[in-house]
Amino acid sequence: MYNKFSFVKKTISLVLAAALMASLSGCGSLDTADISDAFDPYATSASYGIGGKTGTIPGFSANIAVPASDTVANSNVDSALSESSMIVDLSSNEMLCGKNIYERLYPASTTKILTALVVIKNCSNLDETLTVSENALDLESGSSVAGLAVGDVITVRDALYGMMLASGNDAAIALAEYVSGSVSAFADLMNDTARMIGATNSHFVNPNGLQDSEHYTTVYDLYLIFNEAIKNEVFYDIVTAFSHTATYTSGGESVTKTWDSTCRYMAGTATAPEGVTVLGAKTGTTSTAGSCLVLLSENSRGDRFISVALAATERNEVYSLMNQLMSLENTESGDAASGGAK
């Protein structure tokens with residue numbers, strides 16, 4: 001079995017142990033260290049008999065895919081189109097196809113999925129306003145932006161749309177500073193959140209995914225993060241939006257700006273396979289990370305799927321790969337993983 005499992009086992013066991021302790025009200029004397037290895041963290045449920053109480057709690061893997069291998073080939077998918085990819089059927093939690101899903105790679109702006117989730121979870125009122133700092137605009141040349149200016153006053157909610165749809169690196173920094181006071185403090189919060197989700201083979205140092213050798217994730221971790229994020233109603237509304245119009249204050253004046261999704265499927269410049277609908281997406285591209293894409297899609301039966309691809313050499317290739325992966329949605333999941341990789 002791939003060593004990813006041994007890498008995450010301790011962390012996932014601790015998450016499971018925490019759930020157990022929460023279920024045992026009045027048992028605050030329990031030692032987490034004594035029970036953290038008591039259960040198989042990849043089981044769908046676990047029984048316990050501790051402190052005079054017995055019961056069953058959900059296992060960590062009850063609602064996620066836990067592939068037995070880092071690669072599951074399919075003859076209809078050209079795995080050479082990206083360094084790493086996967087598609088998961090959310091109805092069965094089965095990986096239909098995958099390649100190098102535990103390989104550490106640069107995520108580019110797909111990082112903003114986690115950023116958005118952290119912001120939403122840590123802001124009690126998304127209609128509060130933030131003020132854009134000079135630091136938020138101190139970005140490398142050619143960086144994707146939402147078009148914010150120093151001193152702009154914008155709601156957290158609108159800034160989230162600007163970050164997710166326009167992939168605004170300026171909005172990402174502004175949000176991080178609003179939540180945590182600094183980028184580094186926010187990165188700590190990102191890493192804590194990722195670990196609690198089970199994405200333990202990742203490390204984040206900024207909220208936007210601009211290149212840093214210490215900023216990395218895996219296709220599997222991105223799947224875990226996105227799978228958790230789409231359970232949040234606010235995040236779901238944002239990631240499934242085709243466009244968003246915001247009105248905010250800039251230079252003391254009220255301005256209106258519309259952001260469109262950077263995903264070709266959402267923009268109507270790419271077509272999903274017949275019978276498949278792309279519901280939501282997050283793109284990411286840097287010269288080092290290559291072209292990256294995370295999708296939520298649905299087939300004609302109403303089954304939903306998460307597809308993730310990292311490190312495609314060209315944008316056209318990542319969309320070609322995604323079409324091949326999404327074509328598997330029209331196949332019964334038990335028959336999808338077959339044949340050899342091209």
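- Here the closest heavy-atom approach between residue I113 and residue M164 is recorded as N-SD, 4.3 Å.
- In the model, T313 has a side-chain atom that pairs as donor or acceptor with a side-chain atom of E317 under 3.5 Å.
- In the hydrophobic clustering of ILVMFWY residues, with side-chain heavy atoms under 4.5 Å counting as a link, I120 and I225 come out together.
- For residues 127-170, the pairs satisfying ring pair (Phe, Tyr, Trp, His ring centres under 6.0 Å) are Y161-H244, with sequence neighbours left out.
- Between the side chains of N169 and S143, at least one donor-acceptor pair of N or O atoms lies under 3.5 Å.
- Put simply, the side chain of F235 reaches to within 4.5 Å of the side chain of F226, judged on heavy atoms.
- Criterion: ILVMFWY side-chain heavy atoms under 4.5 Å apart, direct or through other members. Under it, F305 and Y319 are part of a common hydrophobic cluster.
- With contacts defined as side-chain heavy-atom distances shorter than 4.5 Å, the pair S109/K282 qualifies.
- The main-chain N or O of S79 is found under 3.5 Å from a side-chain atom of K99 such that the two form a donor-acceptor pair.
- Under the 4.5 Å side-chain contact rule for hydrophobic residues, L210 and L293 do not share a cluster.
- Side-chain contact, T262 with S167: no donor N or O sits under 3.5 Å from an acceptor N or O.
- At a cut-off of 3.5 Å, with distance as the only test, a side-chain donor of E329 or S297 sits close to an acceptor on the other residue.
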Full working for ring pair (Phe, Tyr, Trp, His ring centres under 6.0 Å) between F204 and Y216: CA-CA 6 Å; F204 302 94; Y216 54 81; 8.1 Å; no
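- Using a 4.5 Å heavy-atom threshold, the side chains of T111 and N208 count as separate.
- Ring geometry for Y248 versus W259: interplanar angle under 30°, hence parallel rather than tilted (30 to 60°).
- Using a 4.5 Å heavy-atom threshold, the side chains of T249 and S254 count as separate.
- By the criterion of side-chain heavy atoms lying less than 4.5 angstrom apart, applied directly or through intervening Ile, Leu, Val, Met, Phe, Trp or Tyr residues, L165 is not grouped with V145; the two fall into different hydrophobic clusters.
- Nearest approach of V132 to L148, heavy atoms of both residues: CG2-CD1, 3.9 Å.
- Tracing side-chain contacts under 4.5 Å through hydrophobic residues (I, L, V, M, F, W, Y), one reaches V234 starting from V179; they form part of the same cluster.
- No donor-acceptor contact under 3.5 angstrom links the side chains of E103 and S84, judged on distance only.
- Under 3.5 Å, the side chains of N135 and E177 contain a donor-acceptor pair of N or O atoms.
- By the 4.5 Å heavy-atom criterion applied to side chains, M326 and L295 are counted as neighbours.
- Residues N232 and K121 bring no donor and acceptor atom of their side chains to less than 3.5 Å of each other.
- Looking only at side-chain heavy atoms (C-beta outward), V239 and V294 stay at 4.5 Å or farther from each other.
- At distances below 3.5 Å, not a single donor-acceptor pair connects side-chain atoms of T218 with backbone N or O atoms of R104.
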Working for side chain to side chain contact (heavy atoms under 4.5 Å, CB included), residues L310 and L222: CA-CA 10 Å; L310 294 177; L222 266 182; 3.7 Å; yes
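- Exactly one of V156, D152, D158, V153 qualifies for a side chain to side chain contact (heavy atoms under 4.5 Å, CB included) with L130. That residue is V156.
- A heavy-atom distance below 4.5 Å is not found between the side chains of N201 and Y220.
- Listed by chain and number, the residues in a salt bridge (charged side-chain N to carboxylate O under 4.0 Å, His left out) with D212 amount to none (sequence neighbours excluded).
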